[in-house]
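Here's the structure, in structure tokens; my notes come after.
Since the structure is predicted, the reported quantities are computational estimates derived from the model, not experimental observations.
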Amino acid sequence: MEKELNELKEILKRIENLRFKKLISPEKKPERLLGNNGTIFLLRLLERSRDQLIDCLNAYESKRILSLYIQVRAHYETTASLLCFHRKLAKFYTKEMDWLQMDEALAKLSTGAKLKPDGESKYINPDPINVLTTIKHADDLLRESGSEVDMFAGGYNFTSEIAHPNHLGLIYRSKVSVETGTVTFLSDEEAFEKYNKSPLYKLLISANIFLQWYGEAFSLLEKNETMPTLIK
């Protein structure tokens, strides 16, 4: 798995080069704040993706297989939010969506929250877009770009099977012998050796998709919007 680990570390280096220390909103308020708010959303996703990749590598190195699956699954969700945003942004610029729809979509993606303080208006923190909806948007975008299968949902569903306490999420640390009627619980090393390959492959899919479409979304904003000042 050395090749895959090195590729992930290279992706992390590329993410480091995309990070900024500070964002300063335009001094003169533009007609719409999509450039400013969209950039904030993208940069926050970038930070989240970075943390998840670091956690995945740490989980791999410490042979914590459940932590690895959970973090890979979480990275898919981060990438799905990015692709959902890009798809809606592209539809807005091709006039398939109006401004109110775009503004509402960004608000739900970036400020949506299920837990709200008592009495708080839903317009301050609207309900978020459902995770499975963002997963579908991700595959829809990839299909529009030439993919022939719903590979994103496939990767997400696969990692979910161990991340959740479903059948695979319950048996990954045990081995059953029907003949003797025994259940043997695996050590960290044994469980890691049995399940360590697939999550890295799935993570590379999500990480590479994230990098590609992050750049595409950023370019769309730069081309069409008044942008904030970014400081390294």
Side-chain angles (χ1 to χ4, degrees), residues 1-27 30 33-62 64 67-90 92-93 105-106 109-111 134-135 137-139 141-142 144-147 151-152 155-156 159 199-232:
M1 302 301 292
E2 195 66 30
K3 178 183 176 183
E4 289 77 14
L5 289 170
N6 287 337
E7 186 174 345
L8 284 171
K9 290 173 182 176
E10 284 301 313
I11 289 172
L12 260 176
K13 289 179 183 177
R14 291 171 64 187
I15 286 177
E16 288 291 345
N17 290 332
L18 293 172
R19 298 172 73 204
F20 291 93
K21 183 69 175 177
K22 185 178 292 187
L23 177 148
I24 303 173
S25 300
E27 186 173 340
L33 289 172
L34 182 55
N36 192 74
N37 296 340
T39 301
I40 292 172
F41 175 65
L42 288 177
L43 291 176
R44 285 174 172 166
L45 284 180
L46 188 74
E47 293 297 310
R48 182 175 175 83
S49 174
R50 172 183 176 270
D51 281 354
Q52 288 166 340
L53 290 177
I54 291 172
D55 287 346
C56 285
L57 289 170
N58 288 340
Y60 186 91
E61 290 169 1
S62 59
R64 303 302 299 167
S67 296
L68 177 58
Y69 272 85
I70 289 172
Q71 286 296 338
V72 173
R73 177 177 179 267
H75 194 277
Y76 267 77
E77 293 175 355
T78 299
T79 301
S81 289
L82 169 65
L83 268 62
C84 181
F85 173 67
H86 182 283
R87 189 161 185 259
K88 290 182 180 296
L89 193 64
F92 172 60
Y93 290 136
L106 180 55
L109 284 167
S110 58
T111 66
T134 66
I135 297 292
H137 273 287
D139 266 327
L141 177 58
L142 294 174
E144 289 162 6
S145 302
S147 175
M151 65 172 182
F152 200 84
Y156 180 72
T159 56
L200 280 192
Y201 293 132
K202 303 300 182 187
L203 180 58
L204 278 171
I205 291 172
S206 182
N208 278 302
I209 289 174
F210 181 92
L211 267 182
Q212 175 187 347
W213 292 98
Y214 180 90
E216 296 281 348
F218 211 98
S219 294
L220 276 178
L221 289 177
E222 286 184 314
K223 181 179 178 181
N224 295 282
E225 306 296 331
T226 301
M227 297 290 283
T229 300
L230 299 173
I231 300 174
K232 286 286 189 179

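- Taking CG of Leu204 as the reference point, atom NZ of Lys3 lies at 9.5 Å (rounded to 0.5 Å).
- In this structure, the side chains of Ile54 and Asn58 come closer than 4.5 Å at one or more pairs of heavy atoms.
- Between Leu68 and Ala59, the shortest heavy-atom contact is N-CB, 3.7 Å.
- The side-chain contact (heavy atoms from CB on, under 4.5 Å) search around Thr39 returns Leu23, Leu43, Phe218, Leu221, Met227, Pro228, Leu230, not counting sequence neighbours.
- A distance of 8.0 Å separates OG in Ser145 from NE2 in His86, rounded to the nearest 0.5 Å.
- Glu225 pairs in a side chain to side chain contact (heavy atoms under 4.5 Å, CB included) with only one of the listed residues (Leu33, Leu89, Leu34), which is Leu34.
- Side-chain contact between Asn36 and Pro26 is present, with at least one heavy-atom pair separated by less than 4.5 Å.
- By the 4.5 Å heavy-atom criterion applied to side chains, Ile40 and Ser110 are not counted as neighbours.
- Contacts of Asn224 classified as side-chain hydrogen bond (donor to acceptor under 3.5 Å, both in side chains), with partners at least two apart in sequence or in another chain: none.
- In terms of heavy atoms, Ser206 sits closest to His75 at OG-ND1, 2.7 Å.
- Across all their heavy atoms, Lys232 and Leu18 have their closest contact at NZ-C, 3.9 Å.
- No side-chain heavy atom of Ile70 sits under 4.5 Å from any side-chain heavy atom of Asp55.
- Side-chain contact check for Trp213 versus Leu142: some heavy-atom pair is nearer than 4.5 Å.
- Glu16 is linked by a salt bridge (charged side-chain N to carboxylate O under 4.0 Å, His left out) to Arg19, Arg50, counting only residues two or more places apart in sequence or in another chain.
- The closest donor-acceptor contact from the side chain of Tyr76 to the backbone of Ile135 lies at 3.5 Å or more, if one exists at all.
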Test log, rule side chain to side chain contact (heavy atoms under 4.5 Å, CB included), inputs Ser49 and Ile15: CA-CA 9 Å; Ser49 174; Ile15 286 177; 3.8 Å; yes
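- Closest non-hydrogen pair, Ala138 versus Ala80, comes out as CB-CA, 4.2 Å.
- A search for side-chain hydrogen bond (donor to acceptor under 3.5 Å, both in side chains) contacts involving His137 returns Arg87, not counting sequence neighbours.
- Between Leu82 and Ile209 the shortest side-chain heavy-atom distance does not fall below 4.5 Å.
- Every residue was checked against the ring pair (Phe, Tyr, Trp, His ring centres under 6.0 Å) condition with Tyr69, not counting sequence neighbours, and none meets it.
- In this structure, Lys223 has no salt bridge (charged side-chain N to carboxylate O under 4.0 Å, His left out) partners at least two apart in sequence or on a different chain.
- The list of salt bridge (Lys or Arg N to Asp or Glu O under 4.0 Å) pairs with a residue in residues 70-83, not counting sequence neighbours, reads Arg73-Glu77.
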Derivation and outcome, side chain to side chain contact (heavy atoms under 4.5 Å, CB included), residues Glu61 and Leu5: CA-CA 10 Å; Glu61 290 169 1; Leu5 289 170; over 6 Å; no
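- Proximity of Gln71 to Leu203: side-chain heavy atoms (C-beta onward) are nowhere separated by under 4.5 Å.
- Partners of Lys22 by side-chain contact (heavy atoms from CB on, under 4.5 Å), not counting sequence neighbours, listed by chain and number: Ile24, Ile231.
- Tyr201 meets the side-chain hydrogen bond (donor to acceptor under 3.5 Å, both in side chains) test with no other residue; sequence neighbours excluded.
- Considering CG of Leu83 and OG1 of Thr78, their distance stands at 11.5 Å, rounded to 0.5 Å.
- In this structure, CZ on Phe210 lies 11.5 Å from CZ on Arg14, to the nearest 0.5 angstrom.
- Using modelled atom types, one side-chain atom of Thr159 and one backbone atom of Gly155 make a donor-acceptor pair closer than 3.5 Å.
- With sequence neighbours excluded, the residues satisfying ring pair (Phe, Tyr, Trp, His ring centres under 6.0 Å) with Phe85 are Phe41.
- Partners of Glu216 according to the salt bridge (charged side-chain N to carboxylate O under 4.0 Å, His left out) rule, which considers only residues two or more places apart in sequence or in another chain, do not exist here.
- Residues satisfying the side-chain hydrogen bond (donor to acceptor under 3.5 Å, both in side chains) test with Glu10, not counting sequence neighbours, are Lys13.
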Audit row: Thr79, Phe152, side chain to side chain contact (heavy atoms under 4.5 Å, CB included) steps and yes/no: CA-CA 10 Å; Thr79 301; Phe152 200 84; 3.7 Å; yes
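- Note that CD1 of Ile11 and CG of Asn6 are 11.5 Å apart. Values are rounded to the nearest 0.5 Å.
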